[in-house]
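First comes the structure, then the notes that go with it.
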Amino acid sequence: MEIPERLVPVLQRIAATAPELGDDPVLAASLVENVTSMLADAHRHYAEGTDASITSDDLIADEHLATGALHAERMQHPAGAMLAAEILFDEYLPVFVDEVGATTPTELLAASRALHAGIWRRFPAGAIAYTEALRQRVTTANLDSRAHIARDLHDRVAHGILAGLQRIDLALLTDPPAPERTTQLEAAAAQLRRALGDVQNLAVALHARVGDDLLDAALARHVADLFPDTEHVSIASHGTPSTLVNWRAEESLTILLEALTNWWKHARDSDVRVVFTWADDAVTVSVQDDGPGFDRSEHAQGRLGQSTMRERAALIGASLDVVSAPGAGTRVTLVVPRGSL
């Protein structure tokens, strides 16, 4: 891209102050493209007589998000771009005033506002995209670690338990022990089978991925894997489902699977209903069972793994509520924001 002569001094100062932007050819090209676009926006603002320095209707337009994503990909902190913007405004304001022919105080103020709007409206989108890209990296690293643990649980721990079960079964069949020993071995085998089921379920839950599915569809898929032999689980969805940002969707799925795993442990013979209610600003998911319930004052720490679930909910800006009483079942309600922040 040919650089307009009037921009050369500005870009030279930016390159001297923030060399990381000038040294990287891709970032340097992006800088020229974005500066040219900013100034075009500033001229449009001035020509339209927009009486504001910031316009908020399209602060997170896709073309602005792309710049932040590029900086995150190349590990360039938004502070560098902000410094470049300050230099651009400081250096180019006299040139811009001359270009638009502003002379009166009112025109000079309008020119300043127009240039400010053309430049600074990009930065909320850039910061959002940079933060989102970093969150995606953290989420990916977390999911990769969970997948590795899940493979170990399945390939090592589960197989070890299964091998132990097979030896017990073989001993009972080929060399029957005394009756009292038979009872003990059968009890041990039953305990190992329960442990095997728990490990297998944990491996599936740790490997949970939403992928390209909507949250309700992803949950239904995992329920089919975790509880294939039960007809007690029902899932319903109301409203218009939409895609949540990846890091929120993955944590939400983990929380909901934890709620269902606890239902399986403590109330598997009861029905459990999962209801998604999609609104414009949030999705509310309730997990309600008809099981025995519990006294929250006696089981506040751990009956439902509440502390971990609440920590996960807090990480994604969601709220979690648990309601239960002896003989009244249990209801877990998760409210997840649908925004990009």
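- For the side chain to side chain contact (heavy atoms under 4.5 Å, CB included) test, residues two or more places apart in sequence or in another chain that qualify with T230 are F227, H232, V233, W263, W264.
- For R273, the side chain to side chain contact (heavy atoms under 4.5 Å, CB included) criterion is met by S234, D271, Q288, D290, not counting sequence neighbours.
- Evaluation of the side chain to side chain donor-acceptor pair (under 3.5 Å) rule for D90 yields R13 as partners, not counting sequence neighbours.
- Using modelled atom types and a 3.5 Å distance limit, the side chains of W278 and S242 yield no donor-acceptor pair.
- The nearest pair of heavy atoms linking G329 to S324 is O-OG, 2.9 Å.
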Check the pair E258, N262 against side chain to side chain contact (heavy atoms under 4.5 Å, CB included), reporting the backbone distance first and the verdict last.
-> CA-CA 6 Å; E258 175 67 18; N262 281 300; 3.0 Å; yes

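- Here CD of E311 is found 10.5 Å from CD1 of I255. Values are rounded to the nearest 0.5 Å.
- The salt bridge (Lys or Arg N to Asp or Glu O under 4.0 Å) search around D98 returns none, not counting sequence neighbours.
- Looking at every heavy atom in both residues, T330 comes nearest to G293 through OG1-CA, 3.8 Å.
- The pair D280-R338 does not count as a salt bridge, with every side-chain nitrogen at least 4.0 angstrom from each carboxylate oxygen.
- V323 and V287 are assigned to two separate hydrophobic clusters, defined by single-linkage of ILVMFWY side chains at heavy-atom distances under 4.5 Å.
- Under the 4.5 Å side-chain criterion, counting only non-hydrogen atoms from C-beta, T284 is not in contact with V336.
- Nearest heavy atom pair, residue G291 against residue S270, reads N-OG, 3.4 Å.
- Looking at L334 and S252, their side chains come closer than 4.5 Å, going by heavy atoms from C-beta outward.
- Note that NE2 of H266 and OG1 of T261 are 10.0 Å apart. Values are rounded to the nearest 0.5 Å.
- In terms of heavy-atom proximity, A111 sits nearest to F96 at O-CE2, 3.4 Å.
- The same ILVMFWY cluster, assembled from side-chain heavy atoms under 4.5 Å apart, contains both I235 and L257.
- Taking R331 as the reference, nothing meets the side chain to side chain donor-acceptor pair (under 3.5 Å) condition, with sequence neighbours excluded.
- Rounded to the nearest 0.5 angstrom, R312 CZ and E250 CD are separated by 10.5 Å.
- No hydrogens or angles considered: nothing links the side chains of T333 and D321 as a donor-acceptor pair under 3.5 Å.
- With sequence neighbours excluded, the residues that form a side chain to side chain donor-acceptor pair (under 3.5 Å) with T103 are E107.
- Under a hydrophobic-cluster definition in which Ile, Leu, Val, Met, Phe, Trp and Tyr are linked whenever side-chain heavy atoms come within less than 4.5 Å, directly or via other members, V100 and L88 are assigned to the same cluster.
- D216 contributes atom CG, which lies 11.0 Å from atom OG1 of T277 (distance to the nearest 0.5 angstrom).
- In this structure, H222 NE2 and L260 CG are separated by 12.0 Å, a value rounded to the nearest 0.5 Å.
- Scored by the side chain to side chain contact (heavy atoms under 4.5 Å, CB included) test, A249 finds V210, L244 as partners (sequence neighbours excluded).
- Atom CG in L256 sits 6.0 Å away from atom CG in L215 (nearest 0.5 Å).
- Nearest heavy-atom pair across V274 and V285 is CG1-CG1, 3.8 Å.
- The side chain to side chain contact (heavy atoms under 4.5 Å, CB included) test applied to L93 returns F89, V97, S112, L115, not counting sequence neighbours.
- Partners of E99 according to the side chain to side chain donor-acceptor pair (under 3.5 Å) rule, which considers only residues two or more places apart in sequence or in another chain, are R6, H43, Y92.
- Residues P337 and A318 come closest through the heavy atom pair CD-CA, 4.0 Å.
- The same ILVMFWY cluster, assembled from side-chain heavy atoms under 4.5 Å apart, contains both L108 and Y46.
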